[in-house]
Amino acid sequence: KMQVFLVLQHSWDMIRAQEAYLKSPFFPVLFSFFVYLGFCLPYMILDMLSWKVDFLTKYKIQPKSQITWAMLRTCIVLTVYNHIVFIFPLTVLNWYWRPVSYPLEAPGILRLILDIIACLLLFDFQYFVWHLIHHKVPWLYKTFHKVHHKYTLTFALATEHSGAWETLSLGFFAAINPVLLNCHPLTEMLFFIVNIWLSVEDHCGYDFPWSPHRLVPFGLFGGAPHHDIHHLKFKSNYAPYFTHWDKLFGTFLQANIKTAILTHF
């Protein structure tokens, strides 16, 4: 336990050494953008290889669907646009109104893990409610959420293919939860990284033996197949990560992707 804490403390000391950069108004938007692209890049490479490598094709959730350069370009352009026009001005305002302070001591490992899980569970609930409402109210769907459903095929860069309202709403949930739960700045950073990774994994379009939904027991985590069904059928699986809210509200649909594709087309 002491060794883990020392590793955390050393890591936190190294991060704090870059405090001048961390306190820059440019840091949040650059951090978000490059972490997102970093998680998307491996899946983009797999998408380009999957049509030539049979070994990869068998792990694709929709193996007969093809991702084009035009689709990737459209998603990247929209993501860059949202980050520059909407996210960056808001991060500057947040930087001005809420200066960040960095404590000397790192959080304990147990507190860090529990806080990240709590942030994820809270975000999962917030997203579920937001998502359900924006599907049930036709005006909200057509005005704000329909952009994200341009593609029935899920792929990594489609994760942030959304309009300004959706981007800012979900960004607000992610940003406010560590504040509400009084998380350590290191916990907040790690939560952002985990949250972005899970969002990309949700849309990646692959079902690997090591995918999160296969590692989390009792079907508690939906993962990529769970969310792929949502993009195909629209009227189920509204929670981004976990399955309990969909099961409680009767909107859960088992991820049998082959049946879903046949009934969709």
Side-chain angles (χ1 to χ4, degrees), residues 21 24-52 56 60-95 123 126-127 130-131 134-135 139-175 189 192-206 223-224 227-232 234 238 240-241 264:
Y21 296 104
S24 165
F26 296 97
F27 174 74
V29 67
L30 291 175
F31 177 80
S32 169
F33 181 72
F34 284 108
V35 169
Y36 172 65
L37 284 187
F39 285 132
C40 287
L41 185 58
Y43 292 112
M44 291 169 60
I45 295 172
L46 290 177
D47 288 335
M48 296 303 103
L49 292 175
S50 62
W51 283 95
K52 299 179 181 179
L56 293 174
K60 290 192 71 172
I61 296 173
Q62 297 188 42
K64 294 184 178 180
S65 299
Q66 186 173 6
I67 297 163
T68 66
W69 283 110
M71 294 162 67
L72 298 178
R73 184 171 60 250
T74 298
C75 291
I76 291 175
V77 168
L78 184 57
T79 299
V80 172
Y81 175 81
N82 284 337
H83 275 76
I84 294 175
V85 177
F86 300 110
I87 298 176
F88 178 63
L90 288 179
T91 59
V92 171
L93 290 175
N94 184 64
W95 167 82
F123 180 84
Q126 293 161 333
Y127 189 104
W130 186 98
H131 203 185
H134 281 71
H135 271 269
W139 179 80
L140 289 176
Y141 178 81
K142 291 178 182 178
T143 308
F144 299 115
H145 189 50
K146 189 176 181 180
V147 175
H148 185 64
H149 280 277
K150 178 177 181 178
Y151 305 108
T152 55
L153 166 67
T154 53
F155 56 100
L157 279 176
T159 305
E160 292 192 5
H161 188 276
S162 55
W165 170 247
E166 181 165 351
T167 299
L168 295 178
S169 295
L170 304 186
F172 173 76
F173 295 150
M189 290 180 192
F192 288 159
I193 292 171
V194 172
N195 197 40
I196 293 170
W197 168 57
L198 290 178
S199 297
V200 171
E201 200 279 334
D202 244 12
H203 292 83
C204 73
Y206 289 89
H227 196 67
D228 201 287
I229 288 287
H230 172 74
H231 275 261
L232 276 172
F234 295 167
Y238 297 109
Y241 307 141
H264 179 75

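Because only heavy atoms are used, hydrogens play no part in the values below, and waters and symmetry mates are left out as well, while side chains stay in.
- Within the model, atoms NZ of Lys146 and OG of Ser162 stand 16.0 Å from one another, a figure rounded to the nearest 0.5 Å.
- Looking only at atom types and distance, the side chain of Ser199 has a donor-acceptor partner in the side chain of Tyr241 under 3.5 Å away.
- Pairing each heavy atom of Gln62 with each of Asp228, the nearest pair is NE2-OD1, 2.7 Å.
- A heavy-atom distance below 4.5 Å is not found between the side chains of His231 and Ile61.
- Side-chain atoms of His203 never come within 3.5 Å of backbone atoms of Ala158 as a donor-acceptor pair (strictly under, hydrogens ignored).
- Using cut-offs of 30° and 60° for the angle between ring planes, the His135 and Tyr141 rings count as tilted.
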* CA sep, side-chain torsions, deciding dist, call: His134, Glu166, side chain to side chain contact (heavy atoms under 4.5 Å, CB included) -> CA-CA 10 Å; His134 281 71; Glu166 181 165 351; over 6 Å; no

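- Across every non-hydrogen atom of His227 and Asp202, the tightest pair is CB-O, 3.6 Å.
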* Before giving the answer on side chain to side chain contact (heavy atoms under 4.5 Å, CB included), spell out for Tyr238 and Trp130 the whole-Å C-alpha distance, their side-chain angles and the decisive distance to 0.1 Å. => CA-CA 9 Å; Tyr238 297 109; Trp130 186 98; over 6 Å; no

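- Distance check, rounded to the nearest 0.5 Å: CG of Leu56 to OH of Tyr206 gives 6.5 Å.
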* To do: For Asp47 and Met71, run side chain to side chain contact (heavy atoms under 4.5 Å, CB included): C-alpha distance rounded to whole Å, both residues' side-chain angles, the deciding distance at 0.1 Å, then the answer.
  => CA-CA 12 Å; Asp47 288 335; Met71 294 162 67; over 6 Å; no

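- To the nearest 0.5 Å, atom OG1 of residue Thr167 and atom CG of residue Leu78 are 6.5 Å apart.
- In terms of heavy atoms, Val92 sits closest to Pro25 at CG2-CB, 4.1 Å.
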Would you give me the side-chain donor-acceptor pairs under 3.5 Å for residues 26-43, sequence neighbours excluded?
unit_1, atom_1, unit_2, atom_2, d
Ser32, OG, His83, NE2, 3.4
Tyr36, OH, Leu157, O, 3.2
Tyr36, OH, Glu160, N, 3.3

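- Among residues two or more places apart in sequence or in another chain, the ring-ring contact (aromatic ring centres under 6.0 Å, His included) test is passed with Phe155 by Tyr151.
- The closest donor-acceptor contact from the side chain of His161 to the backbone of Val147 lies under 3.5 Å.
- Rounded to the nearest 0.5 Å, atoms OG1 (Thr79) and CD1 (Ile87) are 8.5 Å apart.
- The structure places NE2 of His148 at 8.5 Å from CG of Leu170, a figure rounded to the nearest 0.5 Å.
- In terms of heavy-atom proximity, Ser65 sits nearest to Leu153 at CB-CD1, 3.6 Å.
- For the atom pair CG of Leu140 and NE2 of His131, the computed distance is 12.0 Å after rounding to the nearest 0.5 Å.
- Taking the six-membered ring for Trp and thresholds of 30 and 60 degrees, His145 and His149 have ring planes more than 60 degrees apart, a perpendicular arrangement.
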